[in-house]
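First the structure, in the form of structure tokens, and then the observations on it.
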Amino acid sequence: MRRASFVLAVSSVLAAALPGLPVQAQVTAGQGDAGHGRKLFLADGCYQCHGTSGEGGGVFGPKLAPAPLSYEAVLQQLRSPRARMPVYTAKVLPDAGAADIYAYLRSIPKAKPASEIPLLNLK
Amino acid sequence: MEDQANLGLRRRNFLKGAALSGVAATATAASTLAQAQPGPSQQGTSDPNTPRRQGAVTLKDESTPRNRELTYSSCGGDYMVDVMRSLGIEYFAATPGNTFMGLHEAIINYGMTTAPNLRFLTTMHEEASVAMAHGYAKIEGKPMACGMHTAVGLQHASMAIYNAWCDRVPVFMITGASIDATRRNLWVDWDHAAQDGAAMVRDYTKWDDQPGSLRAFGDSAVRAYKFAMTPPYGPTLLAVDTLMQEDPIPGDKPPPIPRLPSLSAPAAEEGAVRDTAKMLVEAENPVIFADRCARTPEGLRLLVELAEALQAPVIDSSNRLNFPWRHPLNQTASQRGLISRADVLLELEPGDPFAVSAERSPDGEVRSLMQSGSKRITISSVDLYMKSNYQDFQRLPLDVDLAMAADAQATLPSLIEEVKRQLPDSRKAAIAARGTRFAHTHQLALQRARDAATYGWDDSPISMPRLCQELYAEIKDEDWSLVSGTLFQSHWPQQLWSADKHYQYIGEQGGAGIGYTAPATLGAALANQKHGRLSVCINGDGDLMFGPGVLWTAAHEKIPLLYIIHNNRGYHMEIMQLQAIADRRQRGIDRVHIGCEIANPNIDYAMLARSMGVYGQGPIDNPRDLGPAIRRAIEVVKKGEPALIDVVSQGR
Ligand SMILES: Cc1ncc(C[n+]2csc(CCOP(=O)(O)OP(=O)(O)O)c2C)c(N)n1
Ligand SMILES: [Mg+2]
């Protein structure tokens, strides 16, 4: 069993809080499985730096959603990160898994505009 | 009134109970303890039938007031109280210990009962005492005192001292000293004695002394205060003889209290200021980087004046509120681009000047972001005073052209004057156009931050921007002060809130020593209390658990402060780094929770707070519940009490 209990604890909170994931996304590259991709996004710790919805964590991990880079660019970042991000070799995260994560990132819908969220329009 | 015999008995029982707690020992106490715990030195003498050894050495020690006189009416401690209040010191935070008990007694029975008041604050860890003083000073602009038991207490305090040192913050510290070894009573008095107690923390205190007389205490206290308050500010330490605190004042006449002069910070040399002004005035793309520049509200006002005179962009590190967060010239969000385009970069008290302009490529090549021919100027008081061992002075910057060893805030008035004097009318239109451009980019950055904040807005665990905005909505119409740092919240407050007062934000730990936030925010809240400000902080779960006893201090001392616990159920910073190592070794991250998670079991922070008399709510994991919870907690804080909300949050 490869999944950390810690990760499971967090993801079960998420599963409870966020039902109805958009499972089938319009994946153009890799044709991955977004539902499985989300699981990997949590289990492989991507969320620790990029947030559970890819919303970003400041300098610790940029925002990834909604429209990520091309699949090739994401794969490149995983296999050979630009700067501070951990490296994910195929042994840790096979290509199929990377494609699933990519599908998940693609499936994250565009958020509601800031203008519609009163708390984001405080003076 | 109880008679002497009863008192004696009560005292003996107390000491028996307290056994080895290090309470001031009388001769009676010593013999009680000897019975309870025969040590090697007492062996052979405890049995009255053992014949005394022939020709045994007998000693007659100097008598101590502890066994000489039952009562006396003057004491060194009272004089020390008077010296401290002459310096404007209002508080003395401490976890008690008998090496400064003579002073402790003087504070509670003299300092706290006569004006101007010197109040004793009870802490539950010496690190909390110093961190409270650290936070207090950043709000109040002056030190408060704290006391540490000799050896063990100071050992506990040391990390907090290091934080204050790295953060250039004044703290007035006192530890005990037991100078005359023949007047120590018990083994514990030996354990809690050091020939040079301050040595342990000397590498990160600005100055220390062990005064040899009361009169010298007066001089040294004033000198300690003066050094602490001369930029670069820093913590200072006096090791004060325990008996000097306790003994009657010789002749019952306290020495005079030395006068503290008004202190003037060192400003930069005139010629260098003139040259700097010239470069700034002529620059096309001048940039100002401010780190620990604004020591006081005046520093903030001056920096605005300089930036506006030049219409130059300001990058404000998150170590102080140097520059209003929503000022159009605040360009913190564009740091990298600005520095790479700058033709003149002025850095005011940079904590890490290397990092301001250096860029490291993945293959390890280090280069300057700045273009060739650009000029880089630093004004730093840290250049005036540095120590060798701990490396908080950071890496030598690559490309500084002019380094002024001076206090930046004290230099700003002459620099502003020179800039205004040298600014030709012909440059004014171009400079104004620059300002318009920056006002536009500031708005763009704000909009970008708002857009970014929308992602994960309704998530659970609660996102950082959501947490910050729920908090801001409830405080923005109050006279608020955010007394915690924001790095672990990805600086969302700086990105989304409006703040233009120096006290609204006071920066981070200084030395990145975790365990700072819970006590330092409380010290800052204490300072804010008398100004009627609403103090709030966002406190990591890991940080709080270094010394949760601070919650009891908050309740006991009735200090109003809203603690929002950023509960990511772990030492999140370390989780991120540990998994990077595990991934590089291709072993997966299945086990990286070990040593990093704070779960299994989860800690109930609201219950923890309530157990110590602090209003507590949570855990809150639904973002919709957060606003109402904050409103309820603020009601409590407005009544003058602390409150805590446990928020189950994203890592960053
Ligand atoms: C005294 C001390 N011990 C350990 C560390 C290493 N460290 C840096 S950040 C951190 C995590 C702190 O936990 P928390 O306050 O919960 O913040 P989080 O990173 O989880 O947001 C630790 C342990 C440190 N900086 N200081
Ligand atoms: Mg944490």
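Keep in mind that what you see is a predicted model, and the values were worked out from it rather than measured.
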Side-chain donor-acceptor pair present, A:Glu55, B:Ser463, cut-off under 3.5 Å:
no

Would you please go through residues 115-123 of chain A and name the residues with a non-hydrogen atom below 4.5 Å from one of chain B, in numerical order?
A:Ile117, A:Leu119, A:Leu120, A:Asn121, A:Leu122, A:Lys123

Counting heavy-atom pairs under 4.5 angstrom with chain B, the leader among A:Pro81, A:Gly51, A:Ala65 is A:Ala65

Determine the option with the most heavy-atom pairs under 4.5 angstrom with chain B, choosing from A:Pro113, A:Gly54, A:Pro66, A:Ser80.
A:Pro66

To the closest 0.5 Å, what do you measure between CD1 (B:Ile575) and SG (A:Cys49)?
10.0 Å

What are the two closest non-hydrogen atoms of B:Ile589 and A:Gly45, and how far apart are they?
CD1-N, 3.5 Å

With sequence neighbours excluded, tell me which residues meet salt bridge (Lys or Arg N to Asp or Glu O under 4.0 Å) with A:Asp95.
A:Arg79

Holding to salt bridge (Lys or Arg N to Asp or Glu O under 4.0 Å), I want the full list of residues that pass it with B:Arg360, two or more places apart in sequence or in another chain.
none

Under a 4.5 Å cutoff for heavy-atom pairs, which residue among A:Gly57, A:Gly61, A:Ala83 has the most contacts with chain B?
A:Gly57

Enter the distance from A:Phe60:CZ to B:Gln577:CD here, rounded to the nearest 0.5 Å.
9.0 Å

Please classify the contact of B:Trp457 with chain A as side chain, backbone, both or neither, using a heavy-atom distance under 4.5 Å.
side chain

Is A:Lys112 close to chain B through its backbone or its side chain, or both, or neither, when contacts mean heavy atoms under 4.5 Å?
backbone

For residues 622-633 of chain B, tabulate all N or O donor-acceptor pairs below 3.5 Å that involve a side-chain atom, not counting sequence neighbours.
from, atom 1, to, atom 2, distance (Å)
B:Asn622, OD1, B:Arg624, N, 2.9
B:Arg631, NH1, B:Glu474, OE2, 2.7
B:Arg632, NE, B:Gln617, OE1, 2.9
B:Arg632, NH2, B:Gln617, OE1, 2.7

Checking heavy atoms, do the side chain of A:Arg84, its backbone, both or neither come under 4.5 Å from chain B?
neither

Can you find a heavy atom in the side chain of B:Arg584 that is under 4.5 Å from one in the side chain of A:Tyr88?
no

Taking every heavy-atom pair that is under 4.5 Å apart, which of B:Ala582, B:Ser498, B:Ser490 has the most such pairs with chain A?
B:Ser490

Of the backbone (N, CA, C, O) and the side chain (C-beta and beyond), which part of B:Leu487 lies under 4.5 Å from a heavy atom of chain A, both, or neither?
both

How many angstroms lie between CG in B:Leu578 and CD in A:Gln48, if you round to the nearest 0.5 Å?
10.5 Å

Looking only at non-hydrogen atoms, find the nearest pair between B:Ala580 and A:Pro86 and report the distance.
CA-CB, 3.5 Å

Contacting region of B:Gln447 [heavy-atom separation from chain A under 4.5 Å]
side chain

Taking B:Thr454 for the side chain and A:Ala111 for the main chain, is one N or O donor matched with an acceptor at less than 3.5 Å?
no

Counting N and O atoms only, with roles assigned by atom type, does the side chain of B:Gln650 sit under 3.5 Å from a partner on the main chain of A:Thr52, one being a donor and the other an acceptor?
yes

